[in-house]
Student: 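So that we are looking at the same thing, I have put the structure below in structure tokens.
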Amino acid sequence: MTPITRFAPSPTGHLHIGGARTALFCWAYARRYGGRFVLRIEDTDQARSSEASTRGILEDLAWLGIAWDDGPEYRVRGQGQGAGEEGAGAIGGDARGVGPFEQSRRLDIYNRWIDWLIERDLAYPAFDTTEEVEAKRKAAAERKETFRYIREASYDRAGSLARMRAGEMHVVRFRHPGTPVHVTDAVLGAITFEAEHTDDFVLRKADGFPTYHFAVVIDDELMAVTHILRGQEHLNNTPRHVALQLALKHDDGTPFRIPVYAHLPLIFNPDGSKMSKRDKDKAARAECKARFGAASASSERLGVTGLADEAYQAWIADARSQLPADVLARVAAGLKIELPEIEVEDFRRSGYLPEVVCNYIALLGWNPGMKNPDGTDLERFDMAFLAEHFDLDRIGKTNSKFDRAKLAAFNQDSLAKMAPEEFAARFRAWCGQYEPRLAAWEHARFAIGARAAQPRAQTFREAVGRLEFALMADDAVVFDAAAVEKVLKKGEPNGLSVLGEVATVLEGIGDWRPEVIEGTLKAWAEAKGLGMGKVAQPLRVAITGSTVSPGLGDTLALVGKQGVLERVLRCVEQVG
RNA sequence: GGCCCCAUCGUCUAGCCUGGUCCAGGACGCGACCCUUUCAAGGUCGAGACACGGGUUCGAAUCCCGUUGGGGUCACCA
């Protein structure tokens with residue numbers, strides 16, 4: 001049996017990193033066994049779903065290199081930076097004729113099955129208002145019980161059907177058979193759910209849309225899904241789904257299949273809290289409070305447009321509130337802080353490589369159990385490796401915490417190992433989207449910048465940071481006081497005097513290329529009987545304001561001869 | 001609270017199914033040293049875990065039970 005897996009996100013925001021892992025595992029399993037991977041959009045919550053989210057999710061998956069076989073069509077534009085097998089072209093489509101893949105477009109299908117169930121009295125209309133059910137739930141909670149909706153023996157079926165046909169507002173509930181459900185989970189093993197914990201859950205909401213539980217079961221059957229990989233938060237939904245699968249039969253009498261279930265361990269923040277997009281608001285809010293005080297801060301101070309003071313105050317006051325993503329991004333920029341990465345888009349913006357993100361998240365809950373030739377555990381691998389070796393039996397059971405430091409280490413390693421031309425090309429593509437100042441550099445200069453930043457950066461974002469000195473105006477350099485003290489004012493020939501001498505040497509260099517600059521300086525230092533540190537450090541401080549920069553030749557080349565001379569002069573004047 | 005799941009270094013994990021080769025291996029992080037024109041990288045070394053208690057057994061990280069701890073879930077959200 002060739003497996004068919006599916007990833008079924010609800011389009012209520014960007015793709016969460018946890019969702020990305022689920023998608024990755026689904027993809028990998030399908031690839032491993034030559035099956036198909038379906039992408040389905042679960043947009044049955046009319047209030048929260050949006051088409052923009054759907055587009056974002058498709059884009060995030062494509063960027064990660066997780067291509068779906070069946071699902072909404074997505075055009076990959078140009079030089080894709082994705083990690084997976086598809087470079088360009090189209091992803092998705094409906095080769096098997098099982099679409100559409102947006103649940104909001106499948107209402108007639110669900111309704112047909114609802115009718116089928118009602119006919120057999122396996123489901124029934126119920127007319128309770130939300131308030132009535134809520135009241136019962138509350139009453140049960142006060143008795144320290146869990147409310148379970150069960151159809152009363154006195155239920156008037158004929159009358160109810162008539163009311164339904166007359167158009168009265170109602171929901172359709174499943175008539176739970178009251179038998180225990182046994183599930184064999186591919187990860188967790190045998191699990192039994194006793195009957196007394198299940199109830200007559202809703203299949204179709206009052207707005208006519210199916211609930212998640214119902215749509216999932218119908219779609220998985222109709223799309224011939226064989227393996228359901230999903231987060232462990234769904235474990236308690238499984239008995240509902242199985243009960244439904246047991247109740248439903250096709251017209252020819254064949255029952256719905258019970259797919260293989262594999263519940264994945266969850267991913268949390270290092271502090272054990274849920275990884276939520278609210279974390280980003282939380283971080284920004286904490287920074288605002290720390291900087292401006294708890295209550296009185298004005299959005300004016302942030303220099304953020306499009307954020308009314310009233311909205312700002314409300315956001316500060318309510319720990320659970322969220323700012324629109326774009327506004328929040330501007331707040332963070334104004335604050336000059338990095339927001340925690342939660343969604344795939346965040347990692348992309350921070351300059352992580354998609355193949356590294358996939359590698360790292362695959363390790364959260366799965367590992368290949370193989371060794372490298374040197375005896376260490378194999379944990380660096382690419383998408384092709386996953387497609388070849390991924391399997392359910394090595395999925396762990398324990399939840400994990402997202403370790404950004406390890407991700408960053410992986411990313412730095414991949415960045416450093418990359419061929420310089422590839423690094424430059426990908427860095428440039430990233431800058432085109434997120435760092436226009438650098439993208440504007442002409443080719444030769446960018447190549448030097450890329451070379452200077454490559455071995456040192458954990459992310460593209462950080463690479464930009466390492467080049468910041470070349471981006472600033474010559475008269476904007478701030479000379480770090482400690483550096484000035486240590487490098488320019490102390491020592492036998494103190495740095496300042498070296499600077500004065502070296503300026504003339506620099507001035508004499510005609511061919512302003514990194515190798516020439518560095519060679520000339522080395523020769524000069526040697527001739528003067530000085531260690532290179534005596535020359536390099538004062539120059540670093542003069543050029544960048546700090547003692548830390550890329551290789552000296554690259555640093556000077558990036559600033560340009562004119563700029564270097566100006567900065568040195570300014571430094572001597574200011575410090576001396 | 002009911003139900004369900006889980007439990008190896010700070011973190012991710014290997015080992016557990018098929019008890020002995022485990023005074024528990026690796027990775028990230030951390031510490032020290034070396035190298036060095038800074039930072040990083042690299043090299044060498046180091047600290048660091050079988051939650052606890054009972055069994056079973058000649059022998060348990062590995063099997064069983066309990067305790068404790070953690071997580072999930074209890075919607076006309078998915």
Student: As a test of reading the structure: which of B:C39, B:G71, B:U38 is closest to the side chain of A:Q537, going by heavy atoms?
Tutor: B:U38
Student: Classify A:F147 by what it touches in the nucleic acid, base, sugar-phosphate, or nothing, heavy-atom distance under 4.0 Å.
Tutor: nothing
Student: In terms of the nearest nucleotide of RNA chain B, which residue is placed more toward the 5' end: A:H234 or A:A457?
Tutor: A:A457
Student: Not counting sequence neighbours, list each pair that qualifies as a salt bridge (charged side-chain N to carboxylate O under 4.0 Å, His left out) and has a residue in residues 394-407 of chain A.
Tutor: A:E341-A:R404, A:E379-A:K406
Student: According to a strict under-4.0 Å criterion, is A:R173 in side-chain N/O contact with OP1 or OP2 of B:C76?
Tutor: yes
Student: Hey, mind stepping through A:K371 and A:T376 against side-chain contact (heavy atoms from CB on, under 4.5 Å) and telling me if it holds?
Tutor: CA-CA 6 Å; A:K371 295 281 186 196; A:T376 57; over 6 Å; no
Student: Would you indicate what A:N237 reaches in the nucleic acid, counting non-hydrogen atoms under 4.0 angstrom: base, sugar-phosphate, or nothing?
Tutor: base
Student: What is the distance, to the nearest angstrom, from the CZ atom on A:R48 to the P atom on B:A78?
Tutor: 8 Å
Student: Can you list everything that forms a side chain to side chain contact (heavy atoms under 4.5 Å, CB included) with A:V484? Sequence neighbours excluded, please.
Tutor: A:F479, A:L488, A:K489, A:V541, A:V575
Student: Rounded to whole angstroms, how far apart are CZ on A:R540 and C1' on B:A40?
Tutor: 11 Å
Student: With A:S104, which of A:D43, A:D45, A:T44 fulfils side chain to side chain donor-acceptor pair (under 3.5 Å)?
Tutor: A:D43
Student: So, using ring-ring contact (aromatic ring centres under 6.0 Å, His included) as the criterion, who are the partners of A:F101 when residues are at least two apart?
Tutor: none
Student: Applying ring-ring contact (aromatic ring centres under 6.0 Å, His included), name anything that partners A:Y360, two or more places apart in sequence or on another chain.
Tutor: A:F402
Student: Would you call A:K136-A:E132 a salt bridge at under 4.0 Å N-O?
Tutor: no
Student: Given that both distances must come in under 3.5 Å, which nucleotide forms a Watson-Crick or G-U wobble pair with B:G1?
Tutor: B:C74
Student: Can you list the residues that meet the ring-ring contact (aromatic ring centres under 6.0 Å, His included) rule with A:Y149, with sequence neighbours excluded?
Tutor: none
Student: Using ring-ring contact (aromatic ring centres under 6.0 Å, His included) as the criterion, list what pairs up with A:W113, not counting sequence neighbours.
Tutor: A:W116, A:H250, A:F256
Student: Determine the Euclidean distance between corresponding C1' atoms of B:G25 and B:G15; express it in Å to zero decimal places.
Tutor: 8 Å
Student: Could you tell me whether A:S10 contacts a base, only the sugar-phosphate backbone, or nothing, with contacts defined as non-hydrogen atoms closer than 4.0 Å?
Tutor: sugar-phosphate
Student: Please name the nucleotide paired to B:A7 by Watson-Crick or G-U wobble geometry with both distances under 3.5 Å, or report none.
Tutor: B:U68
Student: Using the side-chain hydrogen bond (donor to acceptor under 3.5 Å, both in side chains) rule, collect all pairs that involve residues 523-535 of chain A, keeping only residues at least two apart or in two chains.
Tutor: A:E501-A:K528
Student: For nucleotides 3-13 of chain B, list the nitrogen or oxygen atoms of the protein found under 3.5 Å from its nitrogen or oxygen atoms, one pair per line.
Tutor:
residue : atom : partner : partner atom : Å
B:C12   : OP1  : A:K401  : N            : 3.0
B:C12   : O2'  : A:L363  : O            : 3.2
B:U13   : OP1  : A:G365  : N            : 2.8
B:U13   : O3'  : A:N367  : ND2          : 2.8

Student: With a non-hydrogen cut-off below 4.0 angstrom, is A:K274 in contact with a base, only sugar-phosphate, or nothing?
Tutor: sugar-phosphate
Student: Partner of B:U21 by Watson-Crick or G-U wobble geometry, both contacts under 3.5 Å, or none?
Tutor: none
Student: B:A49 and B:U8: how far apart are their C1' atoms, nearest whole angstrom?
Tutor: 6 Å
Student: Can you see if the side chain of A:T44 gets near the phosphate of B:A78 - specifically, an N or O under 4.0 Å from OP1 or OP2?
Tutor: yes
Student: Is A:R456 side chain donor-acceptor paired with the B:U38 base, going by distance under 3.5 Å alone?
Tutor: yes
Student: Can you list, in residue-number order, the parts of residues 125-139 of chain A that come under 4.0 Å of RNA chain B, counting heavy atoms only?
Tutor: A:D128, A:T129, A:T130, A:R137
Student: Both distances below 3.5 Å, Watson-Crick or wobble geometry, any strand: find the nucleotide opposite B:A14.
Tutor: none
Student: For B:A61, give its Watson-Crick or G-U wobble partner with both distances under 3.5 Å, or none.
Tutor: none
Student: With both distances under 3.5 angstrom, what nucleotide forms a Watson-Crick or G-U wobble pair with B:G46?
Tutor: B:C30
Student: Between A:A206 and A:E145, who's closer to the 5' end of RNA chain B by nearest nucleotide?
Tutor: A:E145
Student: P atom, B:C9 versus B:G48: distance in rounded Å?
Tutor: 14 Å
Student: Among the candidates B:C76, B:C39, B:G29, find the nucleotide nearest to the side-chain atoms of A:V548.
Tutor: B:C39
Student: How many angstroms lie between atom NE2 of A:H241 and atom NE2 of A:H234, to the nearest 0.5 angstrom?
Tutor: 8.0 Å
